[in-house]
Undergrad: 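My questions all concern the structure below.
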Amino acid sequence: MRKIVVNAMGEQCPIPVVKAKKAMAEFPQEGGEAEILVDNEISVQNLGKMADQKGLKWNSEKTAEHEYRVHIFVGEGQEKPKVKAAEEEVCMPDRRGHSVAVISSSVMGNGDDELGKILMKGFIYALSQLDTLPETILFYNGGVFLTTEGSDSLEDLKSMEAQGVKILSCGTCLNYYGLTEKLQVGSVTNMYVIAEKMAGASNLIRP
């Protein structure tokens, strides 16, 4: 499968989308992979929206501060996005709202823990698909198991982080469970920041 790397660092919408479409238009019949480098979350959102509209698989990752990689895959027989004039491209607004999601357990609800794990995984996936993403997701107590090695929700959390959602895990909780060195997404925070984020939120989302 052919791979084309597109450098759209420093570019604002609609330029990253236009560059990505031009690259994918060059794919042979069997398709290929476009890797687009951008430096802002809005570009990640716009590239993802374009891929979704075309039924193309895609994922994103945050590689450093203000550095993101978006991968879009065109399979054999799939429609390659057509290039339009830049002024015809629609730049979507930032998907992040002012809500804060608070997750204090690795399971959702009371009862059977295995069912609770399935429900929590589904909840985080659903959260990542909302039209308006939360501004911040706070993890404390057992919730920190979801941001560390072995979690089934890492891909969904990394996708949201790449779109600008702040993923924050309680440092005291990570240390208590021996997970400090196993954090896989987001950053470590403290109880003051957790209280501050919750107090300043326009809406709190609790599973």
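Treat the numbers as computed from the prediction; the structure is a model and nothing was measured.
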Undergrad: Could you tell me which non-hydrogen atom of Glu11 sits nearest to which non-hydrogen atom of Pro16, and how far apart they are?
TA: O-CG, 3.9 Å
Undergrad: State, with a plain yes or no, whether a side-chain heavy atom of Thr189 is found less than 4.5 Å away from one of Tyr140.
TA: no
Undergrad: Check whether any side-chain heavy atom of Val74 sits under 4.5 Å from a side-chain heavy atom of Lys54, and report yes or no.
TA: no
Undergrad: Main chain of Gly186, side chain of Glu161: is a donor-acceptor contact present, judged purely on distance under 3.5 Å?
TA: yes
Undergrad: Taking all non-hydrogen atoms of both residues into account, name the closest pair between Ala162 and Val44 and its distance.
TA: O-CG2, 3.7 Å
Undergrad: Is there a donor-acceptor pair closer than 3.5 Å between any side-chain N or O of Gln184 and the backbone N or O of Glu149?
TA: no
Undergrad: Do Met50 and Val6 belong together in a cluster built from hydrophobic side chains that touch within less than 4.5 Å?
TA: yes
Undergrad: Go through the side-chain N and O atoms of Ser169 and Thr147 and say whether any donor and acceptor fall under 3.5 Å apart.
TA: yes
Undergrad: Are any of the side-chain nitrogens in Glu155 or Lys158 under 4.0 Å away from the carboxylate oxygens of its partner?
TA: no
Undergrad: Would a distance-only check, ignoring hydrogens and angles, find a side-chain to backbone donor-acceptor pair under 3.5 Å from Ser43 to Asp39?
TA: no
Undergrad: Determine the minimum heavy-atom distance between Arg69 and Glu35, stating which atoms define it.
TA: NH1-OE2, 2.5 Å
Undergrad: From the options Val193, Thr136, Val102, select the one residue that forms a side chain to side chain contact (heavy atoms under 4.5 Å, CB included) with Met198.
TA: Val102
Undergrad: Please find the pair of heavy atoms, one from Val144 and one from Cys173, that lie closest to each other, and give the distance.
TA: CG1-CB, 3.9 Å
Undergrad: Contact between Tyr176 and Asn141 at the side-chain level, heavy atoms closer than 4.5 Å - yes or no?
TA: no
Undergrad: What's the shortest heavy-atom distance between Leu157 and Leu146, and which atoms?
TA: CD1-O, 3.4 Å
Undergrad: Could you give the distance from CD1 (Ile4) to CD (Glu26), rounded to the nearest 0.5 Å?
TA: 5.0 Å
Undergrad: Is there a path of hydrophobic side-chain contacts, each under 4.5 Å between heavy atoms of I, L, V, M, F, W or Y residues, that connects Met160 with Leu154?
TA: yes
Undergrad: Are Leu127 and Val165 in one and the same hydrophobic cluster, where Ile, Leu, Val, Met, Phe, Trp and Tyr link if side-chain heavy atoms are under 4.5 Å apart?
TA: yes
Undergrad: Nearest heavy-atom pair of Leu56 and Met24: which atoms, and what distance?
TA: CD1-SD, 4.4 Å
Undergrad: With clusters defined by side-chain heavy atoms of hydrophobic residues (ILVMFWY) lying less than 4.5 Å apart, directly or transitively, does Val188 cluster with Leu168?
TA: no
Undergrad: Is the number of heavy atoms from other residues, nucleotides or ligands within 6.0 Å of OH (Tyr177) greater than 12?
TA: yes
Undergrad: Tell me, yes or no, whether the heavy-atom count around Tyr125 atom OH, taken from other residues, nucleotides or ligands under 6.0 Å, exceeds 12.
TA: no
Undergrad: Rounded to the nearest 0.5 Å, what separation is found between the NZ atom of Lys121 and the OG atom of Ser106?
TA: 14.0 Å
Undergrad: Enter the distance from Lys49:NZ to Asp52:CG here, rounded to the nearest 0.5 Å.
TA: 10.0 Å
Undergrad: Using the rule that Ile, Leu, Val, Met, Phe, Trp and Tyr join whenever any side-chain heavy atoms are under 4.5 Å apart, tell me whether Val5 and Val70 fall into a single cluster.
TA: no
Undergrad: Using only atom types and a distance under 3.5 Å, with no angle test, would you say the side chain of Asn46 pairs donor to acceptor with the backbone of Ile42?
TA: yes
Undergrad: Using modelled atom types and a 3.5 Å cut-off, is there a donor and acceptor pairing between side-chain atoms of Ser151 and backbone atoms of Thr148?
TA: no
Undergrad: Do we see a donor-acceptor contact under 3.5 Å between the side chains of Asn40 and Tyr68?
TA: no
Undergrad: Side chains of Glu61 and His71, heavy atoms from C-beta outward: is any pair under 4.5 Å?
TA: yes
